[in-house]
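What follows is one structure encoded as structure tokens, with my remarks underneath.
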Amino acid sequence: MEGSSSSSAIFYDFLDRMRNPASLDLVRSIKSFIVSFSFYAANPENDGKKVQEFYTTMEDTIRDHPLWAGATDQEVDCAMEGLEKYVMTKLFSRTFSSTPEDVKIDLETSQKIHLLQTFLKPEHLDIPTVLRNEASWLLAEKELQKINAFKAPREKLLCVMNCCKVINNLLLNASMSENHVLAGADDFLPVLIYVMIKANPPQLHSNLKFIQLYRRQTKLVSEAAYYLTNLVSAKTFIFELNAKSLSIDEIEFEESMQAARTTNKETEKEATPTLEERTTSQGQTDPGPSARSHDKETSGASNYPYMDKEAGDLTIGDVERLLSVYKQVVTKYTGLCTAVKHLSLSRTEPHVTNLEARNVFLTQPEKTETKKKLLSK
């Protein structure tokens, strides 16, 4: 299976070349492109097109650049991999799960998978007994669960491919050792769906969409395209899943889903102590509603009650409240970005901003010269 070590080596080689004074024109182009995203509201499809066009332009520029004079196609490809990782890491907060709709789909998909985990079995997906290998499934699950740990599209795609390769190897081994006749996608997809349900990777929809939009299109071909397409199909299947999608009686399916919902609600209720229980457990008395109200007003906790919490203080019941607070923050942040955008367009940016924007790639001599110029003005 492929790992992230080679990706890191490629990335650091790219950064080393960008520190070369001869790369100043490239640095300016990259920084200018990244900064340009702050001038307009997020739009995933448009953002994806802009990024893909930038990749194409920069690949031509790199091929003609003195730093890559005589470079092989592989060396240019490595430079582009480094560029993709740098750009998308910088733009990650802007481009990943950037719309309320994406957030909603992520939450609904995760919640549905959580319900399915309580009763779904391999036979419900018509997975042959010969392909029921818990060890292989667990390994595939672990690979898929890593997807949210990375910010670069290539590394997220590697998680997808590693997961699918484990499943593919399982199928190949079964065909050789158990004389199982492979049925292509008819064997592969049900296993992938089951692994996805068992893994329940966080923000699944947003991760797949991020790869589709921001991974270089020249890399979404052949094996990578096949595996990614299957994962998207599996996610869609789960999102739209009902009793007719499975080998299960419709009544049994609805009863199982309802039982899972009831269990979740009871678990959340039991896991969320009342205010009286919290104060009693701390050896304190309830100061009364007026005092609690005063405390909230003075601390700002009425709007953001989790600011003074630690991870260990949170319960399952806090999820819904945290989601509400999160939506408030996103709404305010979006409004603020729009206001800043209009303000930026109505004013002339001081030249110091441009100098700060390219500061990451400046070499030490350049930094010294820049300081001298600023001090002399």
Side-chain angles (χ1 to χ4, degrees), residues 1-4 7-8 11 37 42-49 51-52 55 81 84-114 116-117 137-167 188-189 191-217 219-221 223-241 319 323 326-327 330:
M1 290 184 293
E2 297 182 68
S4 60
S7 177
S8 297
F11 182 59
F37 272 70
N43 183 312
E45 283 67 32
N46 288 344
D47 290 348
K49 291 178 182 178
V51 169
Q52 294 298 333
Y55 289 158
E81 294 287 28
E84 179 188 282
K85 181 172 182 175
Y86 180 81
V87 169
M88 294 318 303
T89 298
K90 291 295 184 181
L91 293 176
F92 185 78
S93 60
R94 154 62 184 261
T95 55
F96 182 80
S97 191
S98 58
T99 68
E101 182 65 17
D102 290 335
V103 175
K104 179 183 177 182
I105 294 175
D106 279 331
L107 182 61
E108 290 178 354
T109 302
S110 180
Q111 289 175 338
K112 188 167 188 178
I113 289 178
H114 186 62
L116 292 170
Q117 286 178 330
W137 288 353
L138 180 60
L139 180 57
E141 291 164 26
K142 295 297 182 183
E143 290 298 328
L144 191 56
Q145 288 170 341
K146 294 176 184 177
I147 194 171
N148 217 41
F150 301 101
K151 293 184 177 182
R154 177 179 183 267
E155 292 168 351
K156 288 181 179 294
L157 181 58
L158 283 178
C159 295
V160 170
M161 294 185 67
N162 287 341
C163 168
C164 292
K165 286 178 179 179
V166 172
I167 297 173
F188 182 85
L189 193 56
V191 175
L192 179 59
I193 291 170
Y194 188 74
V195 165
M196 185 179 287
I197 291 173
K198 296 287 285 183
N200 197 6
Q203 296 179 287
L204 178 61
H205 166 76
S206 291
N207 275 295
L208 297 179
K209 184 175 180 178
F210 186 77
I211 296 171
Q212 290 175 304
L213 289 175
Y214 303 111
R215 180 61 172 142
R216 283 193 293 152
Q217 294 302 303
K219 294 297 182 180
L220 291 180
V221 295
E223 186 180 51
Y226 175 76
Y227 287 150
L228 181 60
T229 299
N230 272 278
L231 216 72
V232 172
S233 298
K235 185 266 298 183
T236 302
F237 177 88
I238 292 171
F239 190 75
E240 300 174 351
L241 183 148
V319 174
L323 178 61
Y326 171 79
K327 289 181 178 178
V330 170

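As the structure is a computational prediction, the values presented were derived from the model and not from experiment. Throughout, numbering of the chain's residues begins at 1 and tracks the sequence.
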Legend entry - Sequence neighbours excluded - salt bridge (charged side-chain N to carboxylate O under 4.0 Å, His left out) pairs with any residue from residues 224-236: none

Legend entry - Any pair counted as salt bridge (charged side-chain N to carboxylate O under 4.0 Å, His left out), so long as it reaches residues 206-215, sequence neighbours left out: E81-R215, E84-R215, D102-K209

Inset, instruction - Please report the C-alpha distance between Y55 and Q217 in whole Å, then the side-chain angles of each, then the deciding distance to 0.1 Å, and finally whether the side-chain contact (heavy atoms from CB on, under 4.5 Å) criterion is met. - result: CA-CA 9 Å; Y55 289 158; Q217 294 302 303; over 6 Å; no

What distance do [X] atom [atom1] and [Y] atom [atom2] have between them, rounded to the nearest 0.5 Å?
X    : Y    : atom1 : atom2 : result
T109 : M196 : OG1   : CE    : 9.5 Å
C163 : K142 : SG    : NZ    : 12.5 Å
F188 : S233 : CZ    : OG    : 10.5 Å
L189 : T229 : CG    : OG1   : 11.0 Å
L208 : T236 : CG    : OG1   : 8.5 Å
K104 : L107 : NZ    : CG    : 10.0 Å

Legend entry - Which residues share a salt bridge (Lys or Arg N to Asp or Glu O under 4.0 Å) with K219, sequence neighbours left out: D77

Legend entry - Those residues that, when tested against S97, pass side chain to side chain donor-acceptor pair (under 3.5 Å) (two or more places apart): S206

Flag side-chain contact, heavy atom, 4.5 Å: [X] against [Y]:
X    : Y    : value
M88  : V51  : yes
Y227 : L157 : no
L231 : L144 : yes

Legend entry - F210 and F92 aromatic ring geometry - parallel, tilted or perpendicular at 30°/60° bounds: perpendicular

Inset, instruction - Could you check I211 against I147 for side-chain contact (heavy atoms from CB on, under 4.5 Å), going step by step and ending with a plain yes or no? - result: CA-CA 11 Å; I211 296 171; I147 194 171; 4.3 Å; yes

Legend entry - Heavy-atom donor-acceptor pair, K156 side chain to F150 backbone, under 3.5 Å: yes

Inset, instruction - Identify, with sequence neighbours excluded, every residue that meets side-chain contact (heavy atoms from CB on, under 4.5 Å) alongside N43. - result: E45, N46

Inset, instruction - Taking side-chain contact (heavy atoms from CB on, under 4.5 Å) as the test, write out the residues that go with A42, two or more places apart. - result: D47, R94, S98

Could you pull out the closest heavy-atom pair between [X] and [Y], with the gap in Å?
X    : Y    : answer
M161 : A224 : SD-CB, 3.9 Å
Q145 : A199 : NE2-O, 3.1 Å
P44  : L213 : O-CD1, 3.6 Å
Y214 : P153 : O-CG, 3.7 Å
N200 : H114 : ND2-N, 4.1 Å

Inset, instruction - May I ask you to check whether over 12 heavy atoms, not counting those of K112, lie within 6.0 Å of atom NZ? - result: yes

Inset, instruction - Apply side-chain contact (heavy atoms from CB on, under 4.5 Å) to the pair N207 and F96, showing each step before the final yes or no. - result: CA-CA 8 Å; N207 275 295; F96 182 80; 3.5 Å; yes

Legend entry - Residue pair L204, S110: steps toward the side-chain contact (heavy atoms from CB on, under 4.5 Å) verdict: CA-CA 8 Å; L204 178 61; S110 180; over 6 Å; no

